[in-house]
Amino acid sequence: MNHKPPNSSGGRGGRTNLASCVVATIFLIFVAIVILIVFFTVFKPKEPKISVNAFHLPSYSTSNGTVNFTFSQFVSVRNPNRDSFSHYDSSLQLTYSGSQVGFMFIPAGKIDGGRTQYMSATFSVESFRFAGAAPLAVSDGIRPPAPSMEIDSRMRVEGRVRILHFFTHHVETVAACRVAISVADGSVLGFRC
């Protein structure tokens, strides 16, 4: 009987299989990294963009250094994402000399991907005393002819963006403006955001 010596190439075959597994694993990790980079580049959620269009005081009264008025703010909110943006827990806050004089929750809603939604918020402001009314500069650099006061408006829009219908991402954006108002008749003299 002829006996062949055992094949010594078994060790080499095991090393070849191990090397193939390592190369395949490295390739799969590389593909996963590329997919994540593309995903976060193309589908990365962006904050909505708030553009303040106008302010208006539909009713205004003053007596003995106290003012009382109704405040209206008109904005457009653009959703730059591909998927819809659901907003909730959003608000509009008014302050005068660092103290809050008005607050309103903005009703929840939804803005489709790539769309702009126009919003208006109107509410009554608590009566408050204003400090000595001094002429203040407005955004175009022209001083108002009459005494004025400045109030600060801060609109916060918060919500979530769905990504590929499976994932959600929290987004939030704020628009802060300073509004100059004529003390005499409540007309809006200008604003800057």
Side-chain angles (χ1 to χ4, degrees), residues 32-60 67-128 130-131 136-141 148-181 186 188-193:
I33 290 171
V34 168
I35 288 172
L36 285 174
I37 290 171
V38 168
F39 177 77
F40 283 111
T41 305
V42 175
F43 297 104
K44 181 182 177 186
K46 300 174 190 78
E47 293 181 348
K49 309 265 192 270
I50 302 175
S51 298
V52 178
N53 302 324
F55 294 95
H56 183 61
L57 275 60
S59 68
Y60 177 85
V67 294
N68 188 8
F69 57 86
T70 303
F71 181 82
S72 292
Q73 180 170 331
F74 303 91
V75 301
S76 55
V77 181
R78 174 162 171 65
N79 176 13
N81 299 293
R82 294 172 181 253
D83 292 311
S84 64
F85 165 61
S86 299
H87 59 90
Y88 54 87
D89 198 25
S90 302
S91 62
L92 176 61
Q93 178 186 30
L94 285 183
T95 57
Y96 174 72
S97 295
S99 299
Q100 180 175 300
V101 295
F103 184 85
M104 175 185 177
F105 280 110
I106 298 169
K110 183 175 170 182
I111 305 172
D112 291 331
R115 300 284 184 182
T116 300
Q117 182 173 333
Y118 297 94
M119 299 180 179
S120 64
T122 301
F123 59 95
S124 296
V125 174
E126 305 165 14
S127 297
F128 63 91
F130 61 91
L136 300 170
V138 292
S139 59
D140 60 2
S148 66
M149 65 177 167
E150 285 191 348
I151 58 172
D152 294 309
S153 162
R154 183 178 184 271
M155 182 177 189
R156 181 177 57 87
V157 177
E158 182 178 354
R160 66 176 175 262
V161 176
R162 278 203 170 296
I163 306 164
L164 300 176
H165 303 292
F166 296 109
F167 308 104
T168 58
H169 183 77
H170 180 267
V171 291
E172 179 180 345
T173 189
V174 173
C177 299
R178 180 157 281 191
V179 186
I181 299 170
V188 175
L189 302 171
F191 65 91
R192 58 184 178 272
C193 297

> Does the gap between the ring centers of Y96 and F128 come in under 6.0 Å?
Replying inline: yes
>> Any carboxylate oxygen within less than 4.0 angstrom of a Lys/Arg side-chain nitrogen, looking at R192 and E150?
In response: yes
>> Parallel, tilted or perpendicular: which one describes the rings of F71 and F55, with boundaries at 30° and 60°?
In response: tilted
> More than 12 heavy atoms of other residues, nucleotides or ligands under 6.0 Å from CZ of R156: is that the case?
Replying inline: yes
> So which pairs with a foot in residues 97-108 pass side-chain hydrogen bond (donor to acceptor under 3.5 Å, both in side chains), sequence neighbours left out?
Replying inline: Q93-Q100
>> Using the rule given for salt bridge (Lys or Arg N to Asp or Glu O under 4.0 Å), can you reason through R78 versus E47, listing the C-alpha separation, both sets of side-chain angles and the distance that settles it, and then say yes or no?
In response: CA-CA 9 Å; R78 174 162 171 65; E47 293 181 348; over 6 Å; no
> Measuring from L57:CG to S72:OG, what's the distance to the nearest 0.5 Å?
Replying inline: 7.5 Å
>> Could you work out, with ring-ring contact (aromatic ring centres under 6.0 Å, His included) as the rule, every residue matching F103, not counting sequence neighbours?
In response: F105
>> Checking the side chain of N79 only, and the main-chain atoms of N81 only, is there a donor and an acceptor separated by less than 3.5 Å?
In response: yes
>> Does Q73 form a side chain to side chain donor-acceptor pair (under 3.5 Å) with S120? I'd like the steps, not just the answer.
In response: CA-CA 6 Å; Q73 180 170 331; S120 64; over 6 Å; no
> Just by modelled atom types, is the E158 backbone N or O under 3.5 Å from a matching donor or acceptor in the S90 side chain?
Replying inline: yes
> Rounded to the nearest 0.5 Å, how far apart are NZ of K46 and OG1 of T173?
Replying inline: 14.0 Å
> Tell me the side-chain hydrogen bond (donor to acceptor under 3.5 Å, both in side chains) pairs involving residues 104-118, sequence neighbours left out?
Replying inline: none
